[in-house]
Amino acid sequence: MSLLQELLDRGVFVVTAEIGPPKGTDRASFEKKCVQVKGYVDAVNVTDNQTAVVRLSSFASCLIACEAGLEPVMQLACRDRNRIALQSDFLGACALGIPNFLCITGDHQSLGNHPEARSVFDVDSIQLLSIFRKLRDEGVFANGEKAKGEIRAFLGAGENPFADPLEFRVFRLAKKVEAGAQFIQTQAVFDLEIFSRWMEEVRRFGLHKRVHILAGVIPLKSLQALRYMKEEVPGMVIPRWVEERMERAQDPKEEGIRIAVEIIEALRRVEGVRGIHIMAVAWESVVPEIVQRSGLFPRPMQGGGEGA
Amino acid sequence: MIVGEQKPLKEILALLAPYKEVLVLGCGACVTVCLSGGEKEARELALLLRLKGFAAEATSVERQCEREFIMPLEKTISAFSAVLSLACGVGVQTLSEVFPKIPVFPGLNTSFMGAPLGVGVFEERCIGCGECVVHRFGNICPVARCAKNLLNGPCGGSKNGQCEVRPNRDCAWQLIYERMQALGRLEELFAIQPPKNWAPSRFGAQRKIIREDVRP
């Protein structure tokens, strides 16, 4: 059983964090990240070759996270695998006890470090959700054939409230919910105005009652990090006030944490937001401080007595 | 039409280096329209090759992809030690099938199936997936025009109507959204598109059509 699902169903405001696998076999560095966030988050989200850069597989990293006593959310991207491999990895992960899955289309390979690679994109994230849901609920593969054994899986997807065409975003969310998404992780929120407008639409269609929405939060480490995200990361909107504060900051790291904590406080007041997802890319060590300063610590005791 | 682009001269010179008498063969079909491999381009390239020391001549046929148009070249070709074809990859292969003994080299990179948008501007429109679904998307094909061939809406990377993958490339889904909105058919985009059947596409196997109804 997914503890993340249990907490969300109980109405607990959840905290998850993204941890990126290493560029190699250095499991010690990944274990260190696990130790850093343990007790401060309800689940860790393990990326699948994010930004199309080759890393230790999400599957293997999830198992390492399990060994470290954390509950993983396994990301599965459609960029590198067809429906045969995706279903196979899903079955494998379920059989080994990985309880949560995040179905994403994946960043385009030309933005990563193997731009000459051939992409797959056999299915998209919405089709993947429907394939996994059918496999779990009806026990049949994408081709209609019977699968053996029980499957327990909590299914999620990403959504970006800030990308164009803005008016279509909520319909895309509705399609994800229709396809089987039980939780949603959003792109990092800096622009609370756009986010709030999107959430209004979400509520207007009653989607907040059908899916658990976890709002994405990125703590800024420096002005350079902000500028990089603003220029290079597709679908990221950073309003001027954030930039101004980072420009003026004597201690940019402290200011980055303050902004993140303020955004979290604002997000907690938005009706329909059921938790936050902290994406402290290459700065996982900051997660405990953000969680503490946001008043989200201690985390509720999880099954099996795995507390802080 | 099939859009192609001439290979860099340096690459062409390297391909032809072992030969002296070279026939530059243009094609009167698609590559003439896209200004890369017609009679005019064949003559210009032959001139350049002569300046580089080759005994190069140019000619052109109506369509290099069809045997009947290239068979009459038999006598002409026998005077050359190599042929540089300015047709698409189909023409290059047909030429080699008809004249298996003479070395044939591609002078173009065959790029895509597309349309001219203005003078000298060509854009991809179709990947020949073998099962056309374009009508579901306001006749803007996401299979050919979205970098991730998404069938269920835009990814999270579209900004100001532009694709995140390449600059100056319209986001296909922005165009689809606007077209369907203008047509008053937006709600059709809310239906979940099931996984596509790629079996009729090039990911299935080499494709072949046998029309019994028109065969002799």
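Order of the sequence lines sets the chain letters (A, B, ...), proteins ahead of strands, with each chain counted from 1.
Proximity to chain B (any heavy atom under 4.5 Å) is restricted, for A:T105, to the side chain, taken from C-beta onward. For B:L186, no part lies near chain A; criterion is any non-hydrogen pair under 4.5 Å. Proximity to chain A (any heavy atom under 4.5 Å) is restricted, for B:P194, to the backbone atoms N, CA, C and O. Only the side chain of B:N149 comes within less than 4.5 Å of a heavy atom of chain A; its backbone N, CA, C and O stay farther away. Only the side chain of A:I131 comes within less than 4.5 Å of a heavy atom of chain B; its backbone N, CA, C and O stay farther away.
Between A:E178 and B:F190 there is no side-chain heavy-atom pair separated by less than 4.5 Å. No side-chain heavy atom of B:W198 sits less than 4.5 Å from a side-chain heavy atom of A:N82.
Note on B:K196, B:E164, B:K148, B:Q181: by heavy-atom pairs under 4.5 Å with chain A, the leading option is B:K148. Between chain A and the options B:A147, B:G161, B:G156, heavy-atom pairs under 4.5 Å are most frequent for B:G156.
B:K159 places a side-chain N or O within donor-acceptor distance of the main-chain N or O of A:M236, the cut-off being under 3.5 Å.
Here OG of B:S158 is found 11.5 Å from CZ of A:F168. Values are rounded to the nearest 0.5 Å.
For B:K52, there are no side-chain hydrogen bond (donor to acceptor under 3.5 Å, both in side chains) partners two or more places apart in sequence or in a different chain.
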